[in-house]
Amino acid sequence: MHRRTFLTATLALPVLTSGSALFARSPGVFNTGGIAVHGYDVVAYFTMGQAMQGDSEQAVKWGGAMWYFASDEHRIAFEMNPRGYCPCYGGYCAYAMAQGQVATTVPEAWTLAGGKLYLNYSTDVRTLWRRDVPGNVARADGFWPGALG
């Protein structure tokens with residue numbers, strides 16, 4: 001990876017460091033207004049291979065957030081195995097976590113690898129993440145969940 005690309009992408013992340021008061025209050029599952037993954041159906045990433053908006057009528061509360069699903073079938077699948085469908089690192093940016101930091105994510109910047117879902121801050125950051133998924137996972141695993149404070 002080019003150093004300039006790495007630095008540009010890293011500086012572009014809205015990172016919360018351990019000295020930040022906001023960092024200490026970060027929930028275990030990233031959510032916006034109490035809704036996980038911006039209301040997208042996490043089961044759809046696995047079954048349909050795409051980011052798909054969920055429906056608030058098909059919602060489940062888990063991990064301190066509401067999870068929306070596109071269908072009853074997806075909701076039931078999640079209820080049977082929430083940890084299997086939940087994005088790694090609580091839905092925080094996997095690439096930022098590999099750097100020992102915390103950042104938000106967007107539903108369109110996703111990767112399935114090794115049967116797990118990883119989300120990123122942006123599709124540009126996802127490109128960096130995908131350059132070395134095994135190495136990034138190993139680094140991120142070393143920081144999770146301690147990076148939340």
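Below, all heavy atoms of this structure are taken into account, side chains as well, without hydrogens, waters or symmetry copies. Just so it is clear, the structure is predicted and the values come from calculations on it, not from any experiment.
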Quiz item: Do other residues, nucleotides or ligands put more than 12 heavy atoms under 6.0 Å from E73 CD?
Solution: no
Quiz item: Which pair of heavy atoms, one from Y118 and one from A113, lies closest together, and at what distance?
Solution: CE1-O, 3.6 Å
Quiz item: Of the non-hydrogen atoms in A98 and F143, which two are nearest, and what is the gap between them?
Solution: O-CE1, 3.6 Å
Quiz item: Just by modelled atom types, is the W129 backbone N or O under 3.5 Å from a matching donor or acceptor in the N136 side chain?
Solution: yes
Scan the side chains in residues 43-52 for donor-acceptor partners under 3.5 Å anywhere in the protein, sequence neighbours excluded, and list what turns up.
unit_1, atom_1, unit_2, atom_2, d
Y45, OH, P107, O, 2.8
T47, OG1, V43, O, 3.2
T47, OG1, H74, NE2, 3.1

Practice problem: Search all heavy atoms of A140 against all heavy atoms of A94 and return the closest pair with its distance. | Solution: CB-O, 4.0 Å
Practice problem: Over all heavy atoms of both residues, which pair between E108 and T123 is shortest? Give the atoms and the distance, please. | Solution: O-CG2, 4.1 Å
Quiz prompt | Rounded distance (nearest 0.5 Å) linking atom CZ of F69 with atom CD1 of I76 | solution = 11.0 Å
Self-check item: Which atom of V29 lies closest to which atom of A36, heavy atoms considered
Solution: CG1-CB, 4.3 Å
Quiz prompt | Rounded distance (nearest 0.5 Å) linking atom CG of L117 with atom CG of L112 | solution = 5.5 Å
Quiz prompt | Atom pair CG (L148) and CZ (F30), whose distance is rounded to the nearest 0.5 Å | solution = 12.0 Å
Practice problem: Could you pull out the closest heavy-atom pair between W62 and C86, with the gap in Å? | Solution: CZ3-SG, 3.7 Å
Exercise. Start with the C-alpha gap between Y92 and W144, add the side-chain angles, then the distance that decides, and say whether side chain to side chain contact (heavy atoms under 4.5 Å, CB included) holds.
Key: CA-CA 10 Å; Y92 290 94; W144 178 257; 4.2 Å; yes
Quiz prompt | Gap separating the OG1 atom of T104 from the CG atom of N31, nearest 0.5 angstrom | solution = 12.0 Å
Quiz item: Got a second to check how far R126's CZ is from Y95's OH, nearest 0.5 Å?
Solution: 15.0 Å
Quiz item: What residues form a ring pair (Phe, Tyr, Trp, His ring centres under 6.0 Å) with Y68, not counting sequence neighbours?
Solution: none
Exercise. State yes or no: do V60 and V42 share one hydrophobic cluster built from I, L, V, M, F, W and Y residues joined by side-chain heavy-atom distances below 4.5 Å, directly or via other members?
Key: yes
Quiz prompt | Value rounded to 0.5 Å, distance of CZ in R139 from CE in M97 | solution = 13.5 Å
Exercise. Please check if the side chain of D41 supplies one atom and the backbone of A70 the other of a donor-acceptor pair under 3.5 Å.
Key: yes
